[in-house]
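Heads up, the thing below is written out as structure tokens.
Below, chain A is the first sequence line, B the second, and so on; all start at residue 1.
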Amino acid sequence: MTELNRPRGTRDFGPDQMAVRRYVESEIRSVLQDFGYNEVQTPTFEHLDLFVAKSGPQVVDQIYAFKDKGDRDLALRPELTAPVMRFYQAELRNEPKPLRILYFGNCFRYERPQKGRYREFWQMGLEYIGKRTALAYAEVISAAISALRKVGLRGFSVRIGDVGLLREVFRELGIDLSKERDLAIALDKKEAGKVRQVILQKSSSHDIAEILTNTYSLSEATDVIGDLLKGAGEAVEEEGALLMSLFDILKSSAGEEVIFDPSITRGLDYYDGIVFEIDVPSLGAEKQICGGGGYSMTSMFNSEVNGIGFGLGFDRIIMAIDGPERAGGDGVGIYYLIPMGERAVRESISIMDRIRDSGRKCILETQGRNVKKAIGYGINCGADHVIIIGDAEMDEKKISIKDLTNREQVSIPSSDLEKYLEGI
RNA sequence: GCCGGGGUGGUGUAGCCUGGUAGCACCAGGGACUGUGGAUCCCUUAGCUCGAGUUCAAAUCUCGGUCCCGGCCCCA
């Protein structure tokens, strides 16, 4: 036998798992739809250039990229924001603003698989395209929180920061954050000592490292932001004012899971406003289940495009809720038809059609097994009624219906089937 | 890319240290049993991750690959 197993980093999902996944998917989708977001879908693969334009040439290392037979450079999408924005720019740009878009789909990255990280994974997310106001940010963050709560997730924390503010604060210190990769990483890891060290090299400013590498509760947030703005320049003040009013709104609408974390950098790639991350500590190393923020894609599309978005790590959400909240289950009744002998087959098929027409699940014994075996199979499949049609029934134009839950069996004229179904 | 732990029928495992008949349970299919409940008994299918080395002999010891798991790096 040759290699017929799954490619590394991919997964198969069995019926039980799919029931949970579909349930969670539809619950989250419906929450986001309630926030006014409408779903779109884009291709599974795109021109490689789209992703290079968004994230830089180094991302190619982590992308499934290939040439097609026309020698085009293509790539399996590693994320959904870029395709959605491409779609927006090409066809949706004249829609009334703000435009609220929702998406769900599989994405692919060539990375070393580990817990919570696969080479094929699913993302659900949204993009709010329009002017980035405090209310808009509050809406997007609330949507993420509501979605997670809806599927029964508890014990997550929402960290909110501001990449734009961070940039401006450092600019006033004479530091270009984009060029100080080590500093950005140190910030993200909250290595206060290292951050302080870099800052002191460039400036003799007060100990801002301490402020930046801590986190603050919702009630402390506005005071801390106030401290940061004190004596600051115009650019810092402008960014900070937006963040301040966002926290003002969140104070009344969000819960204690929200904290201010000024050191979030989100890779600094294309977010340039307020950013946020949500994680579930119990997941371990790959605990982040949501990342998002405000961005400007102006340079990518040569026209002004502003928005706020987030992506939810669908697979990690499934892992985080695994157990507590399960799918509603397929507890809806299944009717299992057992035809006995040639004469009964045609009648059984028509009975089956009538049951399905009534909106109920119905399966047929197709293996020619005897009644005993067949009933055993029906029980294993979760059927709650079996219907037996044999010569005896055919002679009397009746059908025998057995309720597996109470072992009671009735014989009714086959013309009374619908009446029987309604009576249940 | 780096560090560590693993891999025995479809699933879960015993055997490995101390080399010598691959055992158990579940699941699946069939029979006892051709019209009625998950029972019972019997039968069947099916396995040592791959390659090299050591050895009379390797699931077992050694090395390498591969895949899985946990962590690091990275994370659009």
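Arg343(A) and Asp395(A) are joined by a salt bridge, as a carboxylate oxygen and a charged side-chain nitrogen come within less than 4.0 angstrom of each other. A salt bridge links Asp315(A) with Arg11(A): at least one charged nitrogen is closer than 4.0 Å to a carboxylate oxygen.
No donor-acceptor contact under 3.5 angstrom links the side chains of Thr44(A) and Asn106(A), judged on distance only. With hydrogens and angles left out, the side-chain atoms of Glu127(A) and Thr81(A) include a donor and acceptor closer than 3.5 Å.
Partner assigned to C41(B) is G31(B), using Watson-Crick or G-U wobble distances below 3.5 angstrom. Across all strands shown, U21(B) forms no Watson-Crick or G-U wobble pair with both distances under 3.5 Å. Across all strands shown, U62(B) pairs with A52(B); the Watson-Crick or G-U wobble distances both stay below 3.5 Å. Using the Watson-Crick or G-U wobble rule with both distances under 3.5 Å, C2(B) pairs with G71(B).
The number of heavy-atom neighbours closer than 6.0 Å to CD of Gln41(A), taken from other residues, nucleotides and ligands shown, is 12 or below. Counting non-hydrogen atoms of neighbouring residues, nucleotides and ligands closer than 6.0 angstrom, the CZ atom of Phe35(A) exceeds 12 such neighbours.
Among the nucleotides U36(B), A76(B), C73(B), the one closest to any side-chain atom of Arg117(A) is C73(B). Here the nucleotide nearest the side chain of Val371(A), chosen from G37(B), A76(B), G35(B), is G35(B). For Ile379(A), the listed nucleotide lying nearest its side chain is G37(B); candidates were A76(B), G37(B), U34(B). For Tyr271(A), counting side-chain heavy atoms from C-beta on, the closest listed nucleotide (A28(B), A76(B), G37(B)) is A76(B). Side-chain proximity of Arg181(A) to the nucleotides A76(B), C75(B), G71(B) is greatest for C75(B). Closest to the side chain of Ala285(A), from the set G71(B), A76(B), G35(B), is G71(B).
For the P atom pair drawn from A28(B) and U11(B), the interatomic distance equals 15 Å after rounding to whole Å. With both ends at atom C1', the span from C26(B) to U18(B) equals 32 Å, rounded to whole Å. The separation of G7(B) from A46(B), taken at their P atoms, amounts to 25 Å, rounded to a whole angstrom.
Side-chain atoms of Arg369(A) stay outside donor-acceptor range of the base of G30(B), with no qualifying N/O pair under 3.5 Å. For a distance-only test at 3.5 Å, the side chain of Lys372(A) fails to qualify as a donor-acceptor partner of the base of G35(B). A donor and an acceptor atom sit less than 3.5 Å apart, one in the side chain of Glu393(A) and one in the base of G35(B). A donor and an acceptor atom sit less than 3.5 Å apart, one in the side chain of Asn380(A) and one in the base of G38(B).
Gln288(A) comes within contact range of no nucleotide atom at all, as no heavy-atom separation falls under 4.0 Å. Within 4.0 Å of Ile389(A), counting heavy atoms only, lies no atom of the nucleic acid at all. At the heavy-atom level, Gly14(A) lies nowhere under 4.0 Å from the strands shown. Across all strands, Ala82(A) comes closer than 4.0 Å to no nucleic acid atom at all (heavy-atom distances). Among the heavy atoms of the strands, none lies under 4.0 Å from Asp61(A). Residue-level contact check: Gly376(A) touches neither bases nor backbone, having no heavy atom under 4.0 Å from any strand. No contact: Ile338(A) has no heavy atom under 4.0 Å from any strand.
Going from atom NZ of Lys373(A) over to atom C1' of A39(B) covers 12 Å, rounded to whole Å. Spacing between atom CD of Gln409(A) and atom P of U36(B) amounts to 10 Å, rounded to whole angstrom units. With rounding to whole Å, Tyr336(A) atom OH is found 15 Å from G38(B) atom P. Here the C1' atom of nucleotide G37(B) and the NE2 atom of His385(A) are 15 Å apart, to the nearest Å. Rounding to whole angstrom units, CZ of residue Arg343(A) and P of U34(B) are separated by 21 Å. Whole-Å rounding puts the Glu111(A) CD to A76(B) P distance at 10 Å.
Contact check, Lys189(A) against C74(B): a side-chain N or O comes under 4.0 Å of OP1 or OP2. Look at Arg266(A) and you'll find a side-chain N or O under 4.0 angstrom from OP1 or OP2 of A76(B). Residue Arg8(A) has a polar side-chain atom (N or O) positioned under 4.0 Å from OP1 or OP2 of C68(B).
Judged by a 6.0 Å distance limit and a 45° cone about the ring axis, Arg369(A) is positioned over the six-membered ring of Tyr377(A).
Checked against the 6.0 Å centroid criterion, the rings of Phe104(A) and Phe314(A) qualify as a close aromatic pair.
A residue-by-residue look at Asn370(A) and Ile63(A) shows that Asn370(A) has its nearest nucleotide of RNA chain B further toward the 5' end.
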